[in-house]
Amino acid sequence: MILSFINQKGGVGKTTLAINVAAALATRGKVLLIDADEQGSATAWASLREQTPFQVVSMVRANMARDAIQMAANFTHTVIDGPPRARDLARAVIIAADVVAIPIEPSGLSTWAAGETINQVREAQAVKDSLKCGFVVSRKIGKTVIGRDIRDMASAEGFPILSAEIQQRVPFAESLTLGQTIFEYAPASAAAMEIEALTGEIVNWHEQKELRSSAKARRSVG
């Protein structure tokens with residue numbers, strides 16, 4: 001699976017999700033994390049460590065899709081930390097993916113900013129109909145009304161919203177600052193459980209898609 005986290009708005013938790021979901025996937029196989037964000041936050045995080053639980057490479061160029069797909073062939077799963085505001089690079093990140101996850105925080109701003117990403121996904125689906133896309137509620141603040149309303153705002157876009165939600169928690173920021181994953185910093189925390197739930201949901205979603213694609217191919221051959 002190649003999984004891309006992307007939203008045209010910055011500050012929605014893309015890098016936090018990319019690093020920690022990659023860590024969760026690393027317990028299931030060999031994982032590559034591609035840093036496609038010009039800010040290089042994932043690369044900077046990796047530089048704080050002697051070793052990482054997954055391989056991290058920087059690939060910040062508009063024609064990165066082909067190279068990313070070729071590299072991903074050597075790994076069980078690949079996670080791409082996409083850029084904000086870089087239209088051509090964002091398009092490449094989407095094209096390279098099997099699954100696109102759009103993080104949205106409890107703010108209309110992130111939902112509105114996701115509109116351009118949604119348009120790019122739909123353009124990519126026109127030539128790659130197997131591409132799946134869904135929203136991930138990120139940086140949610142407890143049980144606030146705006147946290148609940150974000151699902152209604154996002155559902156109007158026509159893509160599914162994953163059940164697992166990531167709340168805004170201090171351990172996420174602290175762990176990244178120390179060059180750790182949430183599973184190293186606070187393995188028994190609610191934050192770690194949220195990431196594990198999100199990862200499991202994404203993997204199951206992808207596997208179900210693969211099973212449906214295989215069944216369709218068998219029917220076509222028959």
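Residue numbers count from 1 along this sequence.
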Indicate yes or no: at least one non-hydrogen side-chain atom of [X] is less than 4.5 angstrom from one of [Y].
{"X": "I202", "Y": "M1", "answer": "yes"}
{"X": "T181", "Y": "S175", "answer": "no"}
{"X": "V203", "Y": "L25", "answer": "yes"}
{"X": "M64", "Y": "V60", "answer": "no"}
{"X": "D37", "Y": "P84", "answer": "yes"}
{"X": "F5", "Y": "T16", "answer": "no"}
{"X": "E38", "Y": "P83", "answer": "no"}
{"X": "V136", "Y": "I102", "answer": "no"}

Membership question, hydrophobic clusters at under 4.5 Å side-chain separation (ILVMFWY): are I2 and I95 in the same one?
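The answer is no; the residues belong to distinct hydrophobic clusters.
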Polar side-chain atom of [X] near backbone of [Y] as donor-acceptor pair, under 3.5 Å:
{"X": "E201", "Y": "A164", "result": "yes"}
{"X": "D129", "Y": "Q125", "result": "no"}
{"X": "Q168", "Y": "K140", "result": "no"}

Just wondering, more than 12 heavy atoms not from R61 lying within 6.0 Å of its CZ?
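Yes.
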CD (E184) with more than 12 external heavy atoms under 6.0 Å
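More than 12 within 6.0 Å, yes.
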Rounded to the nearest 0.5 Å, what separates atom CG in D98 from atom SG in C133?
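Those atoms lie 13.0 Å apart.
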Nearest 0.5 Å, please: how far is CG in L32 from CD in Q55?
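Answer for the CD-CG pair, Q55 versus L32, is 5.5 Å.
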Please report, to 0.1 Å, the donor-acceptor pairs under 3.5 Å made by any side chain of residues 68-82, with sequence neighbours excluded.
{"unit_1": "T76", "atom_1": "OG1", "unit_2": "K30", "atom_2": "N", "d": "3.1"}
{"unit_1": "D81", "atom_1": "OD2", "unit_2": "T15", "atom_2": "OG1", "d": "2.7"}

Determine whether the aromatic ring centres of residues W45 and F54 are separated by less than 6.0 angstrom.
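Yes, they do, as the ring centres are separated by less than 6.0 Å.
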Remaining members of hydrophobic cluster (4.5 Å side-chain criterion), Y185:
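Once heavy-atom contacts under 4.5 Å are chained together, Y185 belongs with L178.
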Would you call E207 and K132 a salt bridge, taking side-chain N to carboxylate O under 4.0 Å as the test?
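No, this pair does not count.
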Can we say R139 and E165 salt-bridge, meaning some charged N sits less than 4.0 Å from an Asp/Glu carboxylate O?
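Here R139 does not pair with E165 in a salt bridge, since their nearest N and O are not under 4.0 Å apart.
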Side chains of T43 and D35: is there a donor and an acceptor less than 3.5 Å apart?
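There is such a pair (donor and acceptor under 3.5 Å, judged by atom type) between the side chains of T43 and D35.
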According to side chain to side chain contact (heavy atoms under 4.5 Å, CB included), who are the partners of A191, at least two apart in sequence or on a separate chain?
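Scan of A191 (side chain to side chain contact (heavy atoms under 4.5 Å, CB included), adjacent residues dropped) gives R169, F172, I182, S189.
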